[in-house]
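Structure first, then comments.
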Protein chains: 2
Amino acid sequence: MARNVEFDETLAIQKAMEVFWKQGYNATSMRDLTDAMQINSSSLYNTIGDKQELFVRCVNHYTDIRKKDWDKRLSSKDSPFSVLVDYIHDAVDIIINGQDSCMAIKCAFEMATNDQRVKDILKEDSDRSYQFLYNLIQSAMLKGEIDADEDPALLADYFNSTWTGWHESYILHKDPVKIKRMAQYFIKQLSK
Amino acid sequence: MARNVEFDETLAIQKAMEVFWKQGYNATSMRDLTDAMQINSSSLYNTIGDKQELFVRCVNHYTDIRKKDWDKRLSSKDSPFSVLVDYIHDAVDIIINGQDSCMAIKCAFEMATNDQRVKDILKEDSDRSYQFLYNLIQSAMLKGEIDADEDPALLADYFNSTWTGWHESYILHKDPVKIKRMAQYFIKQLSK
DNA sequence: TTTATTCTGAAACAATTGTTTCAGAATTGT
DNA sequence: ACAATTCTGAAACAATTGTTTCAGAATAAA
């Protein structure tokens, strides 16, 4: 017998996420957030909570999107190797054409050492990324698309690490060719 | 015909660097800094400048230390390949035993997109790291320690990227074995 | 010792921070 | 239409932010 919340919470989180993503946690003020979300701080504190809580929701929102993408790719009917190669090419495209680096990475370096909740979310996200790659690599090995001598666990970790570094490289050097060559080298190593 | 500065500037920068390194730029207040440096803010503003200027000095200090390490290693009389392998092992040890991730990396993700001066310093540091690796790899190739088919430019970029990712991995998973295995894999690829 | 200059310490600055308050507008089920 | 409840907007909160001020202590050269 009362009023309902006026704003779309998912949309508001999306907007907040974009601000946190671009500026980081500490450089973002509550004013920045309420401006972007187009809601009053009282509504924000009533429905979501304080700055930390909002940030956690945003990181969760970010990792949820990644999770959906992985699930979608895993359900593809193409060969595992081609799904893997497509994924790597898309990953490179995002680095080169994206507005900003991966939020999970930025966040890991800014927050994960100090905030246990954020760290746990990012660790889970990293585990999912690992599982996604491990799954594809192993399937590709069973189909003979990747040399059976390779260790899928190692390669999965290895790609995750390398991919993080590509982001840093692109921040500093803005050199698309550099990234593409490294991606090509990684793919070549898989297939021989 | 007047007074001299009372505090040791190099030592003060060192102390400030440690605070920035641990907390990042935006999470660090001027009070945090003056407390650690053990000087009054008026002295700080008189001698060094504002927060941004201090940060730039700290990043420069950090990259200077790295530069000296690279120069020292390059002047070694050991074989280039063994210098390279030693360097990789030391890099792994720093990740596993260090208090915090590499400041240059943290800084690249927090600041480099917004602050041109910081970005330029980090880019130069990254170029030096590249040159260091390129130099060693090429020398090792000439001596037949590394397969002549490899591309030293690509391998140098590749190691830099991978190494950045190792930091992220260790922040999230705190798994020394993971890092060591990846390092071993990289070295193996070099030598075969 | 004097004098000229510079550094230091403590306090203060306005602006911004994250968060709370509360009166009144809004909307639900009856 | 009613009453009960909840949401919203604007203002205010104390605390902290980066930075400045300035009187006086300190010291170099004369």
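Mapping B:D50 and A:F7 onto DNA chain D via the closest heavy atom, the residue that lands nearer the 5' end is A:F7. Nearest-nucleotide mapping onto DNA chain D: of B:N46 and B:A27, the residue sitting toward the 5' end is B:A27. Nearest-nucleotide assignment on DNA chain C puts the 5′-proximal partner with B:R31, out of B:R31 and A:M30.
To the nearest angstrom, C1' of D:dT8 lies 13 Å from CG of A:L44. Taking atom CD1 on B:I48 and atom C1' on D:dT19, their separation rounds to 15 Å, with Å as the unit. In this entry the distance linking CG of A:D32 with P of C:dT17 reads 7 Å, nearest Å. For the pair A:Q52 CD and C:dG18 P, the interatomic distance rounds to 11 Å; values are reported in whole Å. Rounded to whole Å, atom P of C:dT19 lies 8 Å from atom NZ of A:K51. The OH-P distance, from B:Y25 to D:dT17, rounds to 13 Å in whole Å. Rounded to an integer number of Å, the gap from A:D35 CG to C:dT17 P is 10 Å. Spacing between atom CD of A:E9 and atom C1' of D:dC7 amounts to 14 Å, rounded to whole angstrom units.
Heavy-atom neighbours of B:K22 NZ from other residues, nucleotides or ligands within 6.0 Å: at or below the threshold of 12.
Dashed line: the shortest gap from a side-chain N or O of B:S43 to OP1 or OP2 of C:dC7 is not under 4.0 Å. Between B:S42 and the phosphate of C:dG9, there is no side-chain N or O to OP1/OP2 separation shorter than 4.0 Å.
Applying side-chain hydrogen bond (donor to acceptor under 3.5 Å, both in side chains) to A:D69 and the options A:R66, A:R73, A:K72 leaves one that passes, A:R73.
Note on A:T34: nothing from the nucleic acid sits closer than 4.0 angstrom, heavy atoms only.
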| field | Dot-bracket notation for DNA chain D, counting Watson-Crick and G-U pairs under 3.5 Å, with | for partners on another strand | value | |.||||||||||.||||.|||||||||||.
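Residues A:R181 and A:V177 meet the side-chain proximity criterion, which asks for heavy atoms closer than 4.5 Å. Between A:I171 and B:L122 there is no side-chain heavy-atom pair separated by less than 4.5 Å.
For an aromatic pair to be called close, the ring centres must be under 6.0 Å apart, and B:F132 with B:Y87 satisfies this.
Geometric assessment of A:K51 against the ring of A:Y25 yields a positive cation-pi assignment under the 6.0 Å and 45° thresholds. Taking the ring axis of A:Y130 as reference, the NZ or CZ atom of B:K178 stays within 45° of it and closer than 6.0 Å to the ring centre.
Side-chain proximity of A:Y45 to the nucleotides C:dA10, C:dG18, D:dT19 is greatest for C:dG18. Each of C:dA11, D:dA12, C:dG9 was ranked by its minimum atom distance to the side chain of B:S41; first place goes to C:dA11.
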